[in-house]
Amino acid sequence: MSNSKDAANVVILGSGPAGYTAAIYASRAGLKPVLYQGGQPGGQLTITNDVENYPGYPDGINGPQMMVDFQKQAERFGTDIRYGLATSVDFSKKPFKITIDEKDEVLAHSVIISTGASAKWLGLESEQRLNGRGVSACAVCDGFFFRGKDVVVIGGGDTAAEEATYLSKLCSHVHMLVRRDELRASKIMQKRVFNAPNVTVHWNTSAVEVLGDDEVEGVKVINNQTKELSEIKVQGFFVAIGHQPNTDIFKGYLDMDDNGYIKTVPGSTYTNIEGVFASGDAQDHIYRQAVTAAGTGCMAALDAERWLTAQELV
Ligand code: NDP
């Protein structure tokens with residue numbers, strides 16, 4: 001361990017609510033954490049509109065603003081916040097080695113993973129081909145380009161309901177394609193969808209192809225019960241079918257479930273590797289809320305601090 005003295009006490013990967021909360025706790029504990037922001041600084045909340053369910057904001061708060069505030073709070077206590085995406089790790093020996101942007105190597109006595117999750121796609125060839133030319137996974141980012149136009153939203157969860165409601169205020173018509181005969185979305189979000197006069201919910205309906213050569217011109221859909229095919233003319237195609245955890249670089253080291261969520265020891269953020277802790281959506285497929293992510297970020301910092309102390313590394 002000749003280079004062990006060059007290692008950071010704790011390296012935090014990710015800059016959503018989990019990462020920044022871990023940073024606030026770790027820096028206040030005097031651990032001098034280094035935080036790499038990852039490919040989407042601020043995480044998923046930066047592509048959200050109003051956050052209405054984070055306690056402490058009775059009037060709601062704009063998602064990107066909330067993440068600026070999280071960052072400021074982490075900086076206030078001295079977190080070393082750096083741009084950069086962890087592209088590979090070596091957890092086979094200590095100190096751990098993390099490669100940033102495929103070139104810079106960083107050593108760490110402990111690691112807090114808060115790499116979050118990313119939007120899922122349907123996997124259609126036409127969806128990939130027209131991505132950025134009418135196909136999007138973020139209404140708040142791209143809805144502006146579809147003012148006065150017709151769009152589809154794929155999915156039946158809270159994300160899809162939120163996207164459909166948001167787009168209904170900009171677009172002339174929103175077609176929501178739901179593969180089953182019910183929405184998974186919470187009742188309050190469902191109510192907003194049903195109350196929007198220009199949203200049509202197409203039950204038991206799936207997209208089979210996005211139509212158009214250079215830009216989206218429509219969508220070919222199938223009725224999952226009758227198998228009947230039809231077309232809907234739209235200019236925008238918004239996919240809102242959930243998320244997958246950003247955990248690929250940890251495969252082979254960390255125990256994960258079938259969907260790639262990191263397994264933690266119940267009631268803690270311990271992974272199967274001592275000194276590596278996991279928080280936020282990278283390890284949570286059940287709750288996936290900003291407030292639960294922040295909670296597990298706090299737990300990860302406390303777990304790391306206690307572990308480092310027990311190892312006499314701090
Ligand atoms: P969910 O996993 O909850 O919902 C995904 C939706 O997409 C389901 O309706 C699912 O259908 C559908 N779906 C999945 N795969 C396909 C496919 N291949 N083709 C067609 N449809 C598909 O994900 P969300 O992102 O909506 O929500 C994630 C979490 O975040 C939830 O806990 C949610 O409550 C929370 N959230 C809260 C918000 C808020 O409170 N403001 C806003 C956004 C999210 P099926 O039901 O048939 O499986």
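Residues forming a salt bridge (Lys or Arg N to Asp or Glu O under 4.0 Å) with Arg192 (at least two apart in sequence, or on another chain): Glu52. By the salt bridge (Lys or Arg N to Asp or Glu O under 4.0 Å) test, Asp104 is found to be paired with no residue, residues two or more places apart in sequence or in another chain being considered. In this structure, Lys103 has no salt bridge (Lys or Arg N to Asp or Glu O under 4.0 Å) partners at least two apart in sequence or on a different chain. Applying the side-chain contact (heavy atoms from CB on, under 4.5 Å) criterion to Arg180, with sequence neighbours excluded, gives Glu182, Arg184. In this view, Leu302 and Tyr25, Cys298, Arg306 satisfy the side-chain contact (heavy atoms from CB on, under 4.5 Å) rule, not counting sequence neighbours. Looking at residues two or more places apart in sequence or on another chain, you find a salt bridge (Lys or Arg N to Asp or Glu O under 4.0 Å) between Asp80 and Arg82. For Tyr253, the ring pair (Phe, Tyr, Trp, His ring centres under 6.0 Å) partners are Phe91, not counting sequence neighbours.
For the pairing with Leu13, the side chain to side chain contact (heavy atoms under 4.5 Å, CB included) check across Asn246, Ile112, Ile98 returns one residue only, Ile98.
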Show me the side-chain donor-acceptor pairs of residues 168-175 shorter than 3.5 Å, one per line, residues at least two apart or across chains.
residue : atom : partner : partner atom : Å
Ser168  : OG   : Thr165  : O            : 2.6
Ser172  : OG   : Asp150  : OD1          : 3.1
His173  : NE2  : Thr200  : OG1          : 2.6
His175  : ND1  : His202  : NE2          : 2.9

Donor-acceptor pairs under 3.5 Å, side chain of residues 130-140 to any protein atom, not counting sequence neighbours: which ones?
residue : atom : partner : partner atom : Å
Arg133  : NH2  : Arg129  : O            : 2.7
Ser136  : OG   : Cys138  : N            : 2.9
Ser136  : OG   : Cys138  : O            : 3.3
Ser136  : OG   : Asp142  : OD2          : 2.6

Indicate every side-chain donor-acceptor pair of residues 63-71 with a distance under 3.5 Å to a residue at least two apart or in another chain.
residue : atom : partner : partner atom : Å
Gln65   : NE2  : Asp69   : OD1          : 3.1
Gln71   : OE1  : Tyr20   : OH           : 3.1
Gln71   : OE1  : Gln37   : NE2          : 3.4
Gln71   : NE2  : Glu75   : OE2          : 3.1

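Placement of Trp203 and Val219 in two distinct hydrophobic clusters is found when ILVMFWY residues are connected by side-chain heavy-atom separations under 4.5 Å, directly or transitively. Linking ILVMFWY side-chain heavy atoms closer than 4.5 Å, directly or via other members, places Val276 and Met256 in a single hydrophobic cluster. Cluster annotation: Phe96 is connected to Ile249 through the hydrophobic network of ILVMFWY side chains, with a link wherever side-chain heavy atoms come within less than 4.5 Å. Cluster membership for Ile113 and Ile100, using ILVMFWY side-chain heavy atoms within less than 4.5 angstrom, is shared.
With no hydrogens or angles considered, no side-chain donor-acceptor pair links Trp121 and Gln128 at under 3.5 Å. Residues Gln311 and His109 have side chains that never bring a donor and an acceptor to within less than 3.5 angstrom of each other. Thr269 and Asp303 share a side-chain donor-acceptor pair at under 3.5 Å.
Using a 4.5 Å heavy-atom threshold, the side chains of Tyr54 and Gln289 count as separate. At a threshold of 4.5 Å between non-hydrogen side-chain atoms, the residues Leu177 and Ile232 count as touching. For the pair Glu305/Leu31, a side-chain contact is recorded, criterion being any heavy-atom separation below 4.5 Å from C-beta on. At least one side-chain heavy atom of Val11 sits less than 4.5 Å from a side-chain heavy atom of Val106. With contacts defined as side-chain heavy-atom distances shorter than 4.5 Å, the pair Ser114/Ile12 qualifies. Counting heavy atoms from C-beta outward, Lys227 and Ile222 have side chains that approach closer than 4.5 Å. Here the side chains of Thr46 and Pro41 are not in contact, with every heavy-atom distance at 4.5 Å or above. The side-chain heavy atoms of Val51 and Leu45, taken from C-beta on, include a pair separated by under 4.5 Å.
Remark: side-chain polar atoms of Gln73 are not paired, donor with acceptor, to backbone N or O of Ile24 under 3.5 angstrom. In terms of modelled atom types and a separation under 3.5 Å, the side chain of Thr79 and the main chain of Ile81 share no donor-acceptor contact. At least one donor-acceptor pair closer than 3.5 Å links the side chain of Asp284 to the backbone N or O of Tyr287. A donor-acceptor pair is defined here as one N or O able to donate and one able to accept, closer than 3.5 Å; such a pair exists between the side chain of Asp101 and the backbone of Leu85. A distance-only check finds a donor-acceptor pair linking the side chain of Thr87 to the backbone of Thr99 [under 3.5 Å]. At distances below 3.5 Å, at least one donor-acceptor pair connects side-chain atoms of Thr296 with backbone N or O atoms of Gly280. No donor-acceptor pair under 3.5 Å is formed between the side chain of Thr21 and the backbone N or O of Ala18. Judged by distance alone, with hydrogens and angles left aside, the side-chain atoms of Thr205 form no donor-acceptor pair with the main-chain N or O of Asn223 at under 3.5 Å. Under a 3.5 Å cut-off, the side chain of Ser110 and the backbone N or O of Gly275 do not form any donor-acceptor pair.
Of all heavy-atom pairs spanning Ser126 and Val210, the tightest one is OG-N, 2.9 Å. Nearest heavy-atom pair, Ile262 versus Ala278, reported as atom, atom and distance to 0.1 Å: CG2-CB, 3.8 Å. Minimum heavy-atom separation, Lys120 to His243: CE-O, 3.3 Å. For the residue pair Ala240 and Glu163, the shortest heavy atom distance occurs at CB-CG, 4.1 Å.
A ring pair (Phe, Tyr, Trp, His ring centres under 6.0 Å) check over residues 123-160, counting only residues at least two apart or in different chains, returns the pairs Phe146-Phe238. Pairs engaging residues 230-241 under the side-chain hydrogen bond (donor to acceptor under 3.5 Å, both in side chains) rule: none recorded [sequence neighbours left out].
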